[in-house]
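Reviewing the structure listed below.
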Amino acid sequence: MKLADLVREVLSEHDSLLKEWQTLNELVLKVREIDEKRPRSKESFYEAYKDISDLYSRVFLFMSKFTLHELKEESYLYLDLNERGRLELTLRLIEDHRRLNQLLEEFRKVIDDYRYMKIEEWELRERAEEINQRMNATLMEHMKIEHEEFSKLL
C-alpha cells in the first residue's frame with residue numbers, strides 16, 4: 001500500500017472514530033438519567049440499565065477499533081514522520097495513545113464496577129463524566145495534530 005493511500009485510510013478512520021466517540025458521549029449523558037433506586041430483579045435490572053449495557057459494549061468495540069487504528073499509525077505513519085525529523089512529535093502522539101488506552105480501560109472498569117454493584121449510581125455518573133471529559137480533551141487535540149501532520153504526507 002502506498003503511503004498516500006494509508007494516510008487517506010487513517011484520516012477516514014479518524015472521522016468514523018470521532019462519530020463513534022460522539023455516540024459514546026451521548027450514552028454517557030444518559031447515565032445521568034438512571035434512577036437512584038436499583039432494581040430488585042435481574043429482569044428489571046436489565047430493563048433499567050440497558051443504556052449501561054449498550055455503553056459497556058460500545059466502549060469495548062471502540063477500544064478494539066482504536067487499537068487497530070493506532071497500530072497503523074505507530075507502525076507506519078509515525079515512522080515516516082520520524083524520518084522527516086518529527087521524533088519529538090511522534091513520542092508525544094504515542095504517549096497520547098497510551099493515555100487514551102488507559103482512559104478507555106478506566107471507563108470500562110467503572111462501568112464494570114457498576115454492573116457488579118461495587119459502586120453506586122452517583123459514583124458511576126461522576127467517574128464516567130470525569131473520564132469522558134479527559135478523554136474528549138485528549139482525543140480532540142490528538143486527532144487535530146495527526147490530521148495536520150498526516151495531511152502533509154499526502
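At a threshold of 4.5 Å between side-chain heavy atoms, the hydrophobic network of Ile, Leu, Val, Met, Phe, Trp and Tyr places Leu18 and Leu100 in one connected group. Tracing side-chain contacts under 4.5 Å through hydrophobic residues (I, L, V, M, F, W, Y), one never reaches Met140 starting from Ile94; they form parts of separate clusters. By the rule that hydrophobic residues join a cluster once side-chain heavy atoms approach within less than 4.5 Å of another member, Leu91 and Met143 end up as members of separate clusters. Leu11 and Met1 end up in the same hydrophobic cluster when Ile, Leu, Val, Met, Phe, Trp and Tyr side chains are linked at under 4.5 Å. Residues Phe60 and Met135 are members of one and the same hydrophobic cluster, defined by side-chain heavy-atom contacts under 4.5 angstrom among Ile, Leu, Val, Met, Phe, Trp and Tyr.
Heavy-atom neighbours of Glu88 CD from other residues, nucleotides or ligands within 6.0 Å: at or below the threshold of 12.
The line from CG of Leu17 to CG of Leu139 is 8.0 Å long, rounded to the nearest 0.5 Å. Interatomic distance, Lys109 NZ to Tyr114 OH, rounded to the nearest 0.5 Å: 15.5 Å. Annotation: the span from Met63 atom CE to Leu103 atom CG amounts to 10.5 Å, rounded to 0.5 Å. Taken from CG in Asn25 to CD in Glu129, the straight-line distance is 10.5 Å, to the nearest 0.5 Å. Note that the CG atom of Leu27 and the CD atom of Gln22 stand 11.5 Å from one another [nearest 0.5 Å]. Remark: Leu87 CG to Asn82 CG distance equals 5.0 Å, nearest 0.5 Å.
Residues Thr90 and Leu81 come closest through the heavy atom pair CG2-CB, 3.6 Å. Scanning all heavy atoms of the two residues, the minimum distance from Asp80 to Leu153 falls at OD2-CD2, 3.2 Å. Summarising the geometry of Ile52 relative to Leu124, their closest heavy-atom pair is CD1-CD2, 3.6 Å, with the distance given to 0.1 Å.
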Legend entry - Chi angles and distances behind the side-chain contact (heavy atoms from CB on, under 4.5 Å) call for Leu71, Tyr76: CA-CA 8 Å; Leu71 283 172; Tyr76 302 103; over 6 Å; no

Inset, instruction - Apply salt bridge (Lys or Arg N to Asp or Glu O under 4.0 Å) to Glu130 and Arg134, showing your working. - result: CA-CA 6 Å; Glu130 186 267 331; Arg134 290 176 25 216; 2.7 Å; yes

Inset, instruction - Please report the C-alpha distance between Glu13 and Lys65 in whole Å, then the side-chain angles of each, then the deciding distance to 0.1 Å, and finally whether the side-chain contact (heavy atoms from CB on, under 4.5 Å) criterion is met. - result: CA-CA 9 Å; Glu13 288 173 0; Lys65 289 179 180 181; over 6 Å; no

Inset, instruction - Evaluate the criterion side chain to side chain donor-acceptor pair (under 3.5 Å) for residue pair His14 and Glu73; output intermediate values, then yes/no. - result: CA-CA 11 Å; His14 280 179; Glu73 292 176 339; 3.0 Å; yes

Legend entry - Worked check of side-chain contact (heavy atoms from CB on, under 4.5 Å) between Val59 and Tyr56: CA-CA 5 Å; Val59 165; Tyr56 188 76; 6.0 Å; no

Inset, instruction - I would like to know whether Leu77 and Glu149 meet side-chain contact (heavy atoms from CB on, under 4.5 Å); could you show each step before the answer? - result: CA-CA 10 Å; Leu77 299 181; Glu149 292 299 322; over 6 Å; no

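A salt bridge does not link Arg58 to Glu20: none of the charged nitrogens lies less than 4.0 Å from a carboxylate oxygen. Under a 4.0 Å N-O distance rule, the pair Arg127/Glu106 does not qualify as a salt bridge. Checked for salt-bridge contact, Lys19 and Asp15 miss the test: no charged N lies under 4.0 Å from a carboxylate O. At a threshold of 4.0 Å, the pair Glu74-Arg98 counts as salt-bridged, since one of the basic side-chain nitrogens sits closer than that to a carboxylate oxygen.
No side-chain heavy atom of Val7 sits under 4.5 Å from any side-chain heavy atom of Val10. Counting heavy atoms from C-beta outward, Arg99 and His142 have side chains that stay 4.5 Å or more apart. With contacts defined as side-chain heavy-atom distances shorter than 4.5 Å, the pair Glu70/Asn101 qualifies. Contact of the Leu55 side chain with the Phe107 side chain is registered, since non-hydrogen atoms from C-beta on lie closer than 4.5 Å.
Between Phe62 and Phe66, the ring planes lie parallel to each other; the angle is under 30°, not in the 30° to 60° tilted range.
Looking at Ser12, its side chain never comes within 3.5 Å of a backbone N or O of Arg8 through a donor-acceptor pair. Of the possible polar contacts, none joining the Asp112 side chain to the Arg108 backbone as a donor-acceptor pair under 3.5 Å is found. Checked by atom type and distance alone, the side chain of Ser57 pairs as donor or acceptor with a backbone atom of Asp54 at under 3.5 Å.
Within the 6.0 Å centre-distance limit, the rings of Tyr78 and His97 are counted as a close aromatic pair.
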